[in-house]
Every structure is written in structure tokens, then in C-alpha cells.
There are 2 protein chains.
Amino acid sequence: MLGPAITAGDYPPGSVLRTDELAQRFEVSRSVMREAVRVLESMHLVESRRRVGVIVRPAAAWNVYDPQVIRWRLAGADRPRQLRSLTVLRSAVEPVAAALAATHATAEQCAAITECAIGMVAHSRGHKLEGYLLHDVAFHRLILTASGNEMFARLGDVVEEVLAGRTHHEVMFDDPDPAAVTLHVQVAEAIREGDAARAEHLTREITEGALKELDILAP
Amino acid sequence: MLGPAITAGDYPPGSVLRTDELAQRFEVSRSVMREAVRVLESMHLVESRRRVGVIVRPAAAWNVYDPQVIRWRLAGADRPRQLRSLTVLRSAVEPVAAALAATHATAEQCAAITECAIGMVAHSRGHKLEGYLLHDVAFHRLILTASGNEMFARLGDVVEEVLAGRTHHEVMFDDPDPAAVTLHVQVAEAIREGDAARAEHLTREITEGALKELDILAP
DNA sequence: TCGCAAATAAATCTGACTTTTTCTTGGCGC
DNA sequence: GCGCCAAGAAAAAGTCAGATTTATTTGCGA
């Protein structure tokens, strides 16, 4: 596909492509290729200009919040850089989201969050990494949703990608750090009790741990 | 246009549209309408299904980080809600970005940030709101860029929309709050001196001020 | 140097054809 | 008579290819 190729940096910024040529290369009609180009254009990956062609835009212009772009880039070569960027974003957003969740979460949401934390504990020993991941993702997603902020809520997919990436692609033979598991349980507690400051502080510890983990893996 | 209509909530989730009908309504050919639908689909605003039509997706599915979607929603009816969401996002991201900028910014970037702060001071009195806005936007954009995190850098447009919205649409007869201007100058100082903690704290004060301002305008 | 004309590639339009999915209808067994 | 399943019809998206339009760049000539 073209999207992965562009996000991988196969075409330097300013490269010019022509739709008919692309249509031939991918063995589709021009209309199909046009639609694809229009989508890439809406992602700011390329820019279409009359009499010139389809121009590849510099990485700084890409809409890096587009889930599709995130997936393409995570599958590509600069995956480590991308993972770091996303983890830093997490470290900024999640503590604030947890603080908001502490004041906004409904009783049902509190119950669900606690349930996830319990699930994490239950899968924290004995190489049950998949089950652990499942509850971990649900835990963070619930908090982002419970914050009541739609911008935060939409980052659930990003968190999922980052956590899944850590489990599947990076080295992760051992069971998760018991201290991290405890932190999750305590965050659930804080949110339940409506203690925003504590929820924020504890979540910050979690995300800082994730950052440190990245430093160890890819210094 | 269709994008604004959907983001405005004119079509309840699940509404079914047909491309041929839309093409007629907007007086364009089917191919053009198809391309438009494909773009809306990439924004997760709609979902196209064979034998059914183009289905409007619920707001929770929309890619609210797409600059185009942000603009459409800011122009629509739930502008206040949107502004609040974005301001909360700012309050999470900008302090962390400022801390990173304090350790990552080059000498040139420090100079540019300081220059903007000076510009803000110069335009802070005498109803020079436009000039003030210009420097304010540049200031925050520079910090986001200097953080060295591409995800932060791409939020420059969001900050611009929020700040511009405050100046143009909300009531803003008076000159900006002198305390806020001073905070900006101090943030520039902190970044120059590499004092991450101070830059983060001061930026948090700025964004908290922005949130309080929203509370006063639309409680 | 300025303006006009030619060339070029995207943009648009159109009509025919294909594919997939859903709805309907008819037949069969209970 | 009622319910269920399968075959077929219908509907709308998806695909394709050819013709036409439009805008922009380039180069030629005044």
C-alpha cells in the first residue's frame, strides 16, 4: 500500500507521484486511486496540485493523531520513536484524565475500573501476559472515558497500541512489575474515593514507569 | 457541505444517506461525491456499506483530532463544549511540553520564544488584541515544537483555534490580564534557564487561568 | 520583461458493468 | 396453518474506462 510506504519515509518530502502511474502500479482504475489519494490528502500525507501531480508532504505536516497513520507508523521502521512520542503523550494526558475521572466517574464506571484492576492482579503472575494486557487496556480506556472529555476518550486506541506493542513486540518474558500492578489498584481506589489529587499523582507514577521502561529498552 | 452538517448533529447516528441522492443534492457527479464520502469515512464520520448506503456514525466514533473536524465543530452549535474539551486537553499537554522544551530547546528556539513573550508585552495595552493574539499563538506553538515531541507539535493548530476563538468570538473588550502576560514572560525565562519544573508549573498556571476564564464565560 | 499560447496532469463527468449484502418469496417439513 | 431455510431478485456501493474541462506551468516570441 501507499500509505505505509509514505509514512515509512520511502518517498522523500516533495516527491511527485502521478495518479495514472500509481493506478497502473497498483492495478486499479484511476477513480479508485483518486479516492485513495483524496484520503491520503485528508491525512495531510500528500498534497495534490493540478498540472504537477501528487506531492508527498514532510512528516511535520502529517496528521499523526489519525489512528490509521499511527498504525502505519507503528508497523514501520521508526516504531521506537513513535512509541516514545505516544508514551510521552500518555504521560501528559493520563494523569489529568485520572484526576477528572475521580470527580466525574459514575458508580458503574468505578466498579468497572476496580474490576479491571482486580483482573490485572489475577493475571499478574504465571505468564498470563495476554489476560493481563486485556485488563490493562480496559483499565486505561475506562479512565480516559470516565474523564468525561471526548478528546481524552479518543486516545484509548493510542493507549491500546502502546500497551499491546510493549507486550507483543518488545521483550517481555517476565511477569509485570508488582509495583506497577499495585499502583493500578491504588488508582482505582483513589478514583472510587473521589481523590483527584491522589489519582493524578499515582497515574503519573505509572506513566513515568512506562517512560523509564522505554529508556531501558531503547536508550 | 456535508461534513459540517454531520458534525453539527443534523443527522442522528444511524441515518442512512445514498451517494446518488447526495450527488444530486450537491449538484456534483457521483465520482466527486464518492471521494467526499471516502474522506468522511476516513474521519470516521460515516461508514459506507454495500446494499445499505452511507451510515452516519455516533459522535463517539469521530476522529476529533482531525483539524478539519475540529474546525467544523468549532463553527457549529456545540462550540462551547468543544472549546472546553480542547482547553482541558491544553491544560494536560502544554505544561509537560513546556518542561520538555526547557531541556530540549535550542538557543534559536529560546530566542524566538522570548521574542514572542516580548511581543505579547508590547501589545498587552491599548486594545492591540490582534497583535497580542499573533504573538500568543506563536509563543505556544514554539513551545509545543521545542518540546521535540511530534504529537505535541501537531497540537499547535488546536491551540491557535482556541486562542483565536477566545479573541474573536467570546467577549474580550479589555486588554489581556497583566498577570497572564507576566506568566508568559516567566515561562520564557524558565525555558531559557533550563528550569523544567518551573516552566511546567508556570504553564500550568496559564492553562488553569484559561480554564477559569471559560468557567466565568460559560459556567 | 511581459504576455500569450501550448502542453500537461489533475479534476470532473458520464454511462456501463460488477459485487456484495439484504430482502423477499416460495417450498418444504412439522 | 405455522415456521424455517434456501434460492433468487433487488438495491446500492464499488469498479472501470473514455471523454471532457480546468488550471497551472513552461516556453516562445514580441
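Numbered from 1 within each chain, the chains take letters A, B, ... in sequence-line order. This is a predicted model, so every value here is computed, not measured.
The stretch residues 38-55 of chain A touches DNA chain D through A:Arg50, A:Arg51, each having a heavy atom under 4.0 angstrom from the strand. Looking at residues 26-37 of chain B, you'll see B:Arg34 sit with a heavy atom under 4.0 Å from some atom of DNA chain D.
Contact between B:Arg154 and A:Trp62 at its shortest, heavy atoms only, is NE-O, 3.1 Å. Considering every non-hydrogen atom in both A:Asn63 and B:Pro67, the closest pair reads ND2-CD, 3.9 Å. Smallest separation of non-hydrogen atoms from A:Val162 and A:Arg90: CG1-NH1, 4.2 Å. Summarising the geometry of A:Gln109 relative to A:His104, their closest heavy-atom pair is OE1-O, 4.3 Å, with the distance given to 0.1 Å.
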Which atom pairs, one a donor and one an acceptor, fall under 3.5 Å between side chains of residues 114-121 of chain B and the rest of the protein, sequence neighbours left out?
residue  : atom : partner  : partner atom : Å
B:Thr114 : OG1  : B:Cys110 : O            : 2.9
B:Thr114 : OG1  : B:Arg192 : NH1          : 2.9

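Atoms CG (A:Asp20) and P (D:dG18) sit 13 Å apart, rounded to a whole Å. Rounded to whole angstrom, the span from the CZ atom of A:Arg18 across to the P atom of D:dT24 amounts to 19 Å. B:Gln24 places its CD atom 14 Å from the C1' atom of C:dC13, with the value rounded to the nearest Å.
Residues B:Asp136 and B:His184 have side chains that bring a donor and an acceptor to within less than 3.5 angstrom of each other.
Proximity of B:Val93 to B:Leu144: side-chain heavy atoms (C-beta onward) are separated by under 4.5 Å at one or more points.
Among A:Leu129, A:Leu133, A:Leu163, the one residue that satisfies the side-chain contact (heavy atoms from CB on, under 4.5 Å) test with A:His168 is A:Leu133.
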